[in-house]
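In what follows, chains carry the letters A, B, and so on, assigned in the order in which the sequence lines appear, proteins first and then strands, with residues in each chain numbered from 1. Bear in mind that the values here come from a model prediction, so they are computed numbers and not experimental data.
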Amino acid sequence: MINKLLTLILLIFGLLLAALITHAGDLALMALPFLAYLGLAILQAPSPGRIHLQARRTVEQDAASAVPTFQVNVTVINQGGQAVHLSFADPLQPGMTITSGQLHTLADLPVGQSAALQYTFQAGRARYTWNDLRAVVSDPLGLVETKLNLPAAAQVQVLPELQKFHPFPLKPQHTLPSAGSIPARLGGSGTEFWGVREYHPGDPLRRLDWRRTARHPHQFFTREFEQEQIADIGLVLDGRQKINLGEGENSLFEHTVRAAASLAEVFLRQGNRVSLLIYGRQCVSLFPGYGKAQLNRILHTLSQAVPENGESLDSLQFIPLQTFSSHSLILVLSPLAPDDWHLFPRLRAYGYQVLLVSPDPVDYAWRMLPSDPTTRLAARLTQVERHLEMGKITRLWIPVIDWQVSQPLAPLVRLALGHHNNLHDQ
Amino acid sequence: MPFRRILALIFPLAGLACLVIAFIQVQQWLALAAVILPLLAWLFSARWTYRGLPLAGLLLSIALSGLGLLIGVAPVLMIISAALALAGWDLLLWHYTLPADLPAATLSRLAYSHYRSLALALALGLLAALAGRLLRLQLPFGVLILLVILALFSLERLWHSLGH
């Protein structure tokens, strides 16, 4: 309302100046209603020292709604010594869609009374933080204002949507020496029969192979089972804006984030150790970890991932590989830009097992473009170029999933991992 | 159209009626024709929410009132017209700031305090202006100095309030 005040002051001075120039006293008298208006506003404006407002905020999730929906309630209580004319508002944060209520309200608050601001919003994957409430206390005419930031903090995090995949049959080249579900090609304690060896002192008696022992007097034999261990898996999420298409909840990046979250969940559920690297304007990495705590960390990190461009990290080949432990299985989730394939020889040279999940940007864009001959030709050419790029990666014995995001991902990953396992078995 | 908006339109239209009466009295047909401009500004501002329109209506109304004073039409009508334009401008801007789904109780409380303040300001202003026209005071120099100090104090207070 500063503009309103300024307009009024300019009008008053304009009228007085005109009165002076024209020697018309009635023009000066015409300014009197404006002066009275201004004077009354100043008199009724609450003195800043006597304003004492307290804000309280609660954010509740609507559990019945399929889409994450939150209700925000903000209550402001007048604890000062005078009534105040108040307007307060919350900012609209990126990703919020207001479904009911408004972000701004007005109230005339007597001493000890409270006013409330309520709104409901649907939220996309992100972290929503409120630190304070922006309030403006003014006179009833809205001329003289005092701006306040009332502390009313709250935070909500919307995690990426998870798809529950059935466990994948993993057969990595290297496993970690912890009990898990992946056959480790090592004799020891497990469930699958592995072989027979000579008895060593300390072997449990229930493992003795009595038949073989009976055939060889004075010698004892022990049955061995295949050890089942865990895998070390690294997820690389390509967060560069330049390869993202679309906006909002249906963007290519959102599909990639959901895929990363679902894959992390299934790998962690299988007992594996999983780490994450988001490669965008900067690298966000999560060190390897296990279990639900690590899943929480991954989901929280993914919830804040936004596609961004960074000049220094323009190409995938600058991925800091030291984030991943040696010989781990790395899943790269990227639509791939031209020349990104240079990363993959490097990964193979370092001894990593790699799987590329590449959301198909051509198919994604095709659905949004008009179906005219020029677009069809352009799409075909781009698709050929993309297949050539992916061919370079396939020749490195790296399984590539060319994922059209409208298709379910799990069967493709299962197929690719099965193919991968067969290659290693051979 | 909500009642508040109609009310906000009644004031400036009454002000324009004052202008029309005054210009007809002195047979200033050109000035009378010019009343169309603020009329359009006020009508459009009641129809569309655009903050520039009430301001245009206010400025045009004041300009015509000032012109009326200079060409010698009834000063009281001109002062009343300007005051009513001020009321219309204030009410329209206030109406623009109101959220759509404000509870009725809150709205009535806000409306009451706003209308009361506006009525008080207009009444005081018009009374002072009319008193100014009726009473011709010869103020001593000292009183004038005191009035200037009072004005400066008011401006300082205003500046202080703006600073906060």
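Heavy atoms of A:Leu29 lying under 4.5 Å from chain B belong to its backbone as well as its side chain. Contacts between B:Leu58 and chain A at a heavy-atom distance below 4.5 Å involve the side chain alone, from C-beta outward. Using a 4.5 Å cut-off between heavy atoms, B:Leu102 contacts chain A through its side chain alone, with no backbone atom that close. Contacts between A:Leu15 and chain B at a heavy-atom distance below 4.5 Å involve the side chain alone, from C-beta outward.
For residues 71-81 of chain B, heavy-atom neighbours of chain A at less than 4.5 Å comprise B:Pro75, B:Met78, B:Ile79, sorted by residue number. Residues of residues 103-112 of chain B that come closer than 4.5 Å to chain A, counting heavy atoms only, are B:Thr106, B:Arg109, B:Leu110, ordered by residue number. Inspection of non-hydrogen atoms places A:His104, A:Thr105, A:Leu106, A:Ala107, A:Asp108 of residues 103-112 of chain A under 4.5 Å from chain B.
Sequence neighbours left out, the pairs with a member in residues 26-37 of chain A that pass side chain to side chain donor-acceptor pair (under 3.5 Å) are A:Lys4-A:Tyr37, A:Asp26-B:Arg133, A:Tyr37-B:Asp90.
Side-chain rings of B:Trp94 and B:Tyr115 approach one another, their centers coming within less than 6.0 Å. B:Phe44 has its ring centre no less than 6.0 Å from the ring centre of B:Tyr50.
Salt-bridge annotation for A:Asp90 and A:Arg134: absent, with no side-chain N of the basic residue lying under 4.0 Å from a carboxylate O of the acidic one.
Your options are B:Ile62, B:Leu122, B:Leu124, B:Leu98, and the one with the most heavy-atom pairs under 4.5 Å with chain A is B:Ile62. Between chain A and the residues B:Leu70, B:Leu130, B:Leu126, the most heavy-atom pairs under 4.5 angstrom are made by B:Leu70.
When side chains are defined from C-beta on, A:Leu150 counts as touching A:Val76, because their heavy atoms get closer than 4.5 Å.
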